[in-house]
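For reference, the structure discussed in these notes is given below.
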Amino acid sequence: MSQNALTLEIDAPGAPEGIKDLLEAVARAAMGLEGLMGAEVAARLVDDEAIRAINREHRGIDRATDVLSFPTVSYREGRTAGSSLKLVRREYNPSTGLCFLGDLVISLPRAAEQAAAYGHSLDRELGYLTAHGVFHLMGYDHENEDGQRVMRALEEQALSMLALVR
């Protein structure tokens with residue numbers, strides 16, 4: 001299989017220069033930590049109005065949020081992409097030669113607000129939201145303390161590989 005990929009569509013003003021390359025590197029790092037090769041993710045940077053509409057339509061929650069993940073694979077309880085390669089391979093796209101994991105939608109204004117609140121760069125916050133979303137697409141969640149601890153450690157590991165530290 002070929003290298004992992006992220007396609008990025010920017011539908012919000014103010015995106016940092018070179019953000020596509022950075023977010024693709026973050027997605028590749030996250031997928032690599034999971035042991036995936038030949039996987040792809042589609043991402044969109046949007047404004048708060050757009051993410052609010054998507055959140056309302058798909059989750060019934062009428063408010064903006066920072067990131068939404070829409071996986072194509074339904075993993076069994078306690079399983080993730082690395083232990084479910086047969087399921088991941090079902091999402092093979094012959095036109096790209098990659099297995100499609102799903103879509104991410106990230107609010108650029110929300111990322112900017114959070115970067116300022118946490119005292120780090122917008123690049124770091126967008127990288128974090130991308131890693132967070134990609135790990136969701138690979139079957140991770142943070143609904144309990146153990147899941148949150150594992151997911152957070154993986155996110156930080158992916159970001160540190162790219163020197164996106166706090």
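Note that these values count all heavy atoms, side chains included, but never hydrogens, waters or copies made by symmetry.
E24 and K20 are joined by a salt bridge, as a carboxylate oxygen and a charged side-chain nitrogen come within less than 4.0 angstrom of each other. Salt-bridge formation is not detected for the pair D103/R44: no Lys NZ or Arg NE/NH1/NH2 atom is positioned less than 4.0 Å from an Asp or Glu carboxylate oxygen. Remark: E34 does not engage R79 in a salt bridge, criterion side-chain N to carboxylate O under 4.0 Å.
A pairwise comparison of heavy atoms in Y75 and M138 identifies CE1-C, 3.5 Å as the closest pair. The heavy-atom pair separating G127 from L164 by the smallest distance is CA-CD1, 4.4 Å. Considering every non-hydrogen atom in both S84 and T80, the closest pair reads OG-O, 2.9 Å. A158 approaches F135 most closely through the heavy-atom pair CB-CE1, 4.4 Å. Taking every heavy atom of both residues into account, H136 and S69 meet most closely at CB-OG, 3.6 Å. Residues L98 and A5 come closest through the heavy atom pair CD1-CB, 3.8 Å.
Among V73, T72, L137, the single residue meeting the side chain to side chain contact (heavy atoms under 4.5 Å, CB included) criterion with F100 is T72. Each of T65, D48, N55 was scored for a side-chain hydrogen bond (donor to acceptor under 3.5 Å, both in side chains) with S107, with one residue passing: D48.
Rounded to the nearest 0.5 Å, atoms CZ (R110) and CG (D47) are 11.5 Å apart. Put simply, CG on L45 and CD on E9 are 9.5 Å apart, with the number rounded to the nearest 0.5 Å. The CD1 atom of I54 lies 11.0 Å from the CD atom of E49; values are rounded to the nearest 0.5 Å. Between atom CZ of residue R124 and atom CG of residue L129 there is a gap of 9.5 Å, rounded to the nearest 0.5 Å. Interatomic distance, CG of L22 versus CG of L162, reported as 6.5 Å (0.5 Å rounding). Atoms NE2 and CG, on H120 and D123 in that order, are 10.5 Å from each other to the nearest 0.5 Å.
Looking at heavy atoms from C-beta onward, L101 lies out of side-chain contact with E91 at the 4.5 angstrom threshold. Two residues are said to be in side-chain contact when any heavy atoms from C-beta on lie closer than 4.5 Å; I106 and V67 meet this criterion.
Relative ring orientation between H132 and H142 is described as tilted, the plane-to-plane angle lying within the 30° to 60° band.
Note: the hydrophobic cluster containing L87 also contains V41 (ILVMFWY, side chain heavy atoms under 4.5 Å, direct or indirect links). Cluster membership check: V105 does not share its hydrophobic cluster with L6, using side-chain heavy-atom separations under 4.5 Å among Ile, Leu, Val, Met, Phe, Trp and Tyr. Follow the hydrophobic side-chain contacts under 4.5 Å out from V134 and you never reach F70; the two are in separate clusters. In the hydrophobic clustering of ILVMFWY residues, with side-chain heavy atoms under 4.5 Å counting as a link, L68 and L23 come out apart. Linking ILVMFWY side-chain heavy atoms closer than 4.5 Å, directly or via other members, places L85 and M31 in a single hydrophobic cluster.
In this structure, the side chain of N4 engages the main chain of A39 through a donor-acceptor pair within 3.5 Å.
Applying the side-chain hydrogen bond (donor to acceptor under 3.5 Å, both in side chains) rule to Q114 yields the partners D66, E125; only residues at least two apart in sequence or on another chain are considered.
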- [ ] I would like to know whether L122 and L108 meet side chain to side chain contact (heavy atoms under 4.5 Å, CB included); could you show each step before the answer?
- [x] CA-CA 9 Å; L122 179 56; L108 186 55; 4.3 Å; yes
